[in-house]
Amino acid sequence: MPLQPVKFYQTGTFTVGNRLLAPEERSVQANMERTNSLNSGHRACQGCGEALGARYAIDAAMTATKGQLVAVNATGCLEVFSTPYPETSWQIPWIHSLFGNTAAVATGIAAAIKVKHAKGQGKDVRVVAQGGDGGTTDIGFGCLSGMFERNDDVLYICYDNGGYMNTGVQRSSATPPAARTATTMPLGPEPGNPFGQGKFMPALAMAHEIPYVATATVADLRDLEYKVKKAMSFRGARYIQIHVPCPLGWGAASKDTILLSRLAKESGTFPVFEAEYGELTSSSKIRRLVPVEEYLKPQKRFAHLFGKTPAVETIARLQALADRNIRRYKLLDKEAN
Amino acid sequence: MDKPFAITLDPGSSLANHTGSWRTERPVYVDRLPPCNNQCPAGEDIQGWLFHAESGNYEKAWQHLTKDNPFPAIMGRVCYHSCESVCNRAKIDSAVGINSVERFLGDEAIKRQWKFSQAATDTGKHVLIVGAGPSGMSAAYHLRRFGHRVTVYDAGPFMGGMMRFGIPKYRLPRDILDAEMQRVVDLGVEVKLNSKVDNILETMKSGKFDAAFLAVGAHIGKRAFIPAGAVSKIIDAVSVLRSMENEEKPMLGRRVVVYGGGNTAIDVARTAKRMGAEPIIVYRRNREKAPAHDFEIEEAMQEGVMIKWLSTIKEAGDANITIEKMELDDTGFPQPTGEFETLEADSVVLALGQDVDLGLLDDVPGLVVTDGVVTVDSNMMTGHAGIFAGGDMVPADRNITIAVGHGKKAARNIDAWLLGTSYVAPPKHEVANFESLNTWYYADAPKTVRPTLDIIRRQSTFEEVQGGLDENNALFEARRCLSCGNCFECDNCYGVCPDNAVIKLGPGNRFKFNLDYCKGCGICVAECPCGAITMEPENI
Amino acid sequence: MLKQIEGSHAVAEAVALCRPEVICAYPISPQTHIVEGVGEMVKSGELTDCEYLNVESEFAAMSVAIGSSAAGARTYTATASQGLLFMVEAVFNASGLGLPIVMTVANRAIGAPINIWNDHSDSLSQRDCGWIQLFAETNQEALDLHIQAFKLAEEVSLPVMVCMDGFILTHAYERVDMPTQEQVDSYLPSYEPRQVLDPADPVSIGAMVGPEAFMEVRYLAHAKQMQALELIPQLAEEFKEVFGRESGGLIRKYFTDDSETIVVAMGSVLGTIKDVADEMRSTGEKIGVLGITSYRPFPIDAVRAALRNSKRVVVLEKSLAVGLGGILASDVRKSLRKLPIDVFTVIAGLGGRAITKKSLHEMFQKVITEEVESVTFLDLDWGVIDRQLERERQTRRSGPAAENMLRDIGTVASKIA
């Protein structure tokens, strides 16, 4: 990663905190004063990666903006489990409108803030929009693209768990090939989600040439926080996609959430990188490369690829996609391995 | 704000929803026993003192270390660090250099003249310790700290026991040894040198001692029957090493044959080398089977010590010896081959093992001696109540660390016995094995290698062969510790809980689970680098 | 100040006078001149402290408006027809959240078949979405209603749709009296939100409400519109005091007090109807006209009071409840519960078909003599209808109905081979 790694402590930069580091060098999450933007009492499943990713990202954004932040949320798991009347887990100003309009609502808020601030009636408050992969890549695509094109001053964060989880684990355009979902069952000649063209939103965001695009996972908190903070240093349209495992939808053990994100990155399945104005500027290198099987095996949504007659070709195709990511986003220091 | 009903909510209202009721199992913070702690014969809390060393609190680290073992500078030079053999880090890259850091702390303490914290109030009891070696001085230290009056009798002219009279200077410089022995004396321990105890019961009675700890060591070199001429010079290794402390060094001649394959044999050979001789070790089995530590053999060979494996001495002449070649049978036992060889030899040094001088134990009722060593129970007490024993004179493996450990154990038991109770060791926690760790979080950091004196200087002087680490290296090395099974406040659990159900209690105070909200997902357990959290079933 | 300007431009200027802070727009005929007008004013600097956003769809436009309003800015947008339908999800969302957005709907027919001309099907299709709906009769009223709309919306915390007939009003050049900035400022204070996204006082807006509270929330929305029934006449009164003319209000009566026959209608057609009524009255016919300005909330009591002494009511509407009949007529009937008054529904002007005085005369006569059905369509070409029905009866695959009928009518293109 592009940050300077901390030396000489047994856990390097990988743990959340580090008692031997100066407080300003530690992560936001290590701080007892962290905002806890998404507080306890929400109704997310045990081990929910999205709940974790959201708190990570919004706390980092709150730190970066010194608390001058408004959040917009798409319909989805995050919205539903965080604000069932009469309870809300949000500690910050937050609005939920519809499923596909999050980027547009955020644009509206940013415009209002801009006017008020220019008139001297309000502070320089920043705007974060957040939604799942369904609300971003599918139904929210139009508004998101419009926001990018206008370069509105909004940071859009997509929590990517590869499916419409809130409605019962249906397939979205971000669902990985071969995965089982309620609408792509492991039946017939092409079990699971078909191998399509793929729709990798970060690449599409890069194509819009917006100031900042990045990907991150919940397994690497420091990297995630760094990217959110960096994003807030830009003005204009910014996009971050965070890989968040869904234990329920993926058929994984609730304790494996962080492990799965780690494996997604280390196998090349989920490339972690940064781009500015359409050009790749840095990639988070794979530390210990693993074959995709290691990532697939703990998830029941891929169980049909294993067993007595493993789907060797399918796994090979998935491996090829990971290899392509490694090449395309320069995820290894050296090509060989 | 005039909020519309139900559509707009105040922050924090979700705290009314106690999601802890969803749990079927709950996380619990545990302290597991790090394998290094488990292994250390002296019972050091290695992980504990490394923790302090990591933050640069060397004095605190030293205080923590010396709660169990008063001699870190010595240990850092002579301990065989079996802790490093079980160190979990070895499964990642290489074991933590515990020994190196211990030495660094010991040296710092000497440099900065740190003192032991003073004893508890006087108990009025007086304990006799026979032998001012590692075991005796360790017991003296602990007993004094418990508040007892301690007097140590030693037959020799200096304190240290085998540390002085067995271990060569190039492994343990005498100023280091003196400093750590003196520190114990400074606590208020009386040491009577040149005072051999001939009869333990008499000495106890005349000195009005309430209890005694025997740690006389095994200073008598075993001898083997070797047909030899009248003028053949055959001496035992223990005497040779002991005499190195004198003004006059022993006369060994040029070609010195050392008979034996243990650490003593190596020590003598390397000592001889430094005195300008050409030592050659003769051992009846091969390198693999030799009881000496392999690194000692390696260092010896680097220095030019020759070794004749699989050979026994048949007879010794005036200026040579006859050796017979051996071979190992199926059971690993050496068998004579009938092939002979003659070696030039000015002297033969026998390093065949050591025996205990049991003279002082005559007529002690209840005390049992078997195979030349004194039987003790699990409380280090002999068959005679009030007389305890430890170190090389009891049945155990023989090294300094074990001896120091015996001293501590005996001291605890003596202390309890003096109070009319018996010492019950607290139950041990589960060992923190490698599988309980999440090693992803430990950065790649290979072991620092201690500097070694170069060969020429090693061959000709008694300067310390193995140097120590400087502060940077020592700090780095300490920080390689994984803190197995013990929370080191990395904040991982605090950070990875999706429900914000971990409460951080502040530096030094670790964490607490907020059971009102914990859903029992187990991510904290999975992501705790050192395996200090476990899941337990919920009481439903 | 008196001006002869296009209706759209009048609205644009009026909106500008209301000191909007965020305007978002997606173009659709016949609203385009309105948003272009405001856009120019922002760009030239004539309208200051206003963010003007060109969005990528109407759905985005309403969404941007939602965000902006929730952040405490006075927000405006405009649309019509297909655009209104495209933003419907957001339209319901805006009223559900209680955000005081003001939107001009330049009434236009809804396809298929695509038709850009005026009728009321677009805003009436959204009659139950919770927005207040006001219908302007003239360009003057259109510009006036916008000023009242902001005040109304912000007072009652509901969004307001100001409906004006597409092309007929939007593209007509008429004389209007444009207020001054001082006048508008004295009538319309700055926006004080009931709820706002503010880091100093964080709230979560848009929670999920289940069966235990949803009914209450919806009743409250209904109650707010009931409140508006009181407020609308009040605001019209205040308007008269400041601006010196009658504009807005719930209904407008034209000789209804002594009429036996009353024609009820909304929008610009009222002008034509009043001309016909004048002519009929001059021959002694007791006929009056009731204009409905506030369609939602529907002023049941006011309508009942205005109609109760008549013998018959004709609802002339530019809208059709397919499978039922009249939309406005149904609401009017509700106001006449238990009264022995016949209500005749006349569906007219769909898709911009001209409503002529001649046709109206004939229709009203028939109504008076009660020669018409309960529901009639004005100026329908029955020949075309019958021939199409016959075609459909004869052949299963009779082809697209609209194209068949155009060919039948003999439009130019259909004559080309």
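From a predicted model like this one, the values you see are computed outputs, not experimental measurements. Every chain is numbered from 1, with letters handed out A, B, ... down the list of sequences.
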Are there donor-acceptor pairs under 3.5 Å across chain C and chain A? List atom names and distances.
| unit_1 | atom_1 | unit_2 | atom_2 | d |
| --- | --- | --- | --- | --- |
| C:Glu21 | OE1 | A:Lys116 | NZ | 3.2 |
| C:Glu21 | OE2 | A:Lys116 | NZ | 3.0 |
| C:Glu21 | OE2 | A:Lys119 | NZ | 2.8 |
| C:Glu51 | OE2 | A:Lys114 | NZ | 3.4 |
| C:Asn54 | O | A:Arg150 | NH1 | 3.3 |
| C:Glu56 | OE1 | A:Arg150 | NH1 | 2.6 |
| C:Ser63 | OG | A:Asn101 | ND2 | 2.9 |
| C:Gly72 | O | A:Lys116 | NZ | 2.8 |
| C:Asn93 | OD1 | A:Ser97 | OG | 2.6 |
| C:Asn93 | ND2 | A:Ser97 | O | 3.0 |
| C:Val203 | O | A:Trp94 | N | 3.0 |
| C:Ser204 | OG | A:Thr88 | OG1 | 2.6 |
| C:Ile205 | N | A:Trp94 | O | 2.8 |
| C:Ile205 | O | A:His96 | N | 2.8 |
| C:Gly206 | O | A:His96 | ND1 | 3.0 |
| C:Met208 | N | A:Thr83 | O | 2.8 |
| C:Met208 | O | A:Tyr85 | N | 2.7 |

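For A:Val72, no part lies under 4.5 angstrom from a heavy atom of chain C. Both the backbone and the side chain of C:Ala60 come within contact range of chain A, with heavy atoms under 4.5 Å apart. Heavy atoms of C:Ala61 lying under 4.5 Å from chain A are absent altogether. Heavy-atom distances place the backbone of C:Val203, and not its side chain, under 4.5 Å from chain A. Residue contact with chain C, scored on non-hydrogen atoms closer than 4.5 Å, is absent for A:Ala118.
Atom CZ of C:Phe92 and atom CG of A:Leu98 lie 11.5 Å apart (nearest 0.5 Å).
For the side chain to side chain contact (heavy atoms under 4.5 Å, CB included) test, residues two or more places apart in sequence or in another chain that qualify with C:Pro179 are C:Leu17, C:Leu143, C:Ile147, C:Gln183, C:Val184, C:Phe243, C:Arg245. With sequence neighbours left out, C:Val217 forms a side chain to side chain contact (heavy atoms under 4.5 Å, CB included) with B:Phe5, B:Ala6, B:Ile7, C:Val209.
Highest contact tally toward chain A, considering only C:Gly206, C:Ala71, C:Ala213, is held by C:Gly206 [criterion: heavy-atom pairs under 4.5 Å]. Among A:Ala112, A:Pro86, A:Gly142, the residue with the largest count of heavy-atom pairs under 4.5 Å with chain C is A:Ala112.
Other residues, nucleotides and ligands contribute over 12 non-hydrogen atoms within 6.0 Å of the CG atom of C:Leu220. No more than 12 heavy atoms of other residues, nucleotides or ligands sit less than 6.0 Å from atom CZ of C:Phe214. Within 6.0 Å of atom CD in C:Gln82, more than 12 heavy atoms from other residues, nucleotides or ligands are found, so the atom counts as buried in its surroundings.
The minimum heavy-atom distance linking A:Ile95 with C:Ala70 is given by the pair CD1-CB, 3.6 Å. Annotation for C:Leu53 and A:Ala111: closest pair CD1-CB, 3.6 Å, computed over non-hydrogen atoms.
For residues 27-41 of chain C, the pairs satisfying side chain to side chain donor-acceptor pair (under 3.5 Å) are C:Glu6-C:His33, with sequence neighbours left out.
The shortest side-chain heavy-atom distance between C:Leu197 and A:Ile109 falls under the 4.5 Å cut-off.
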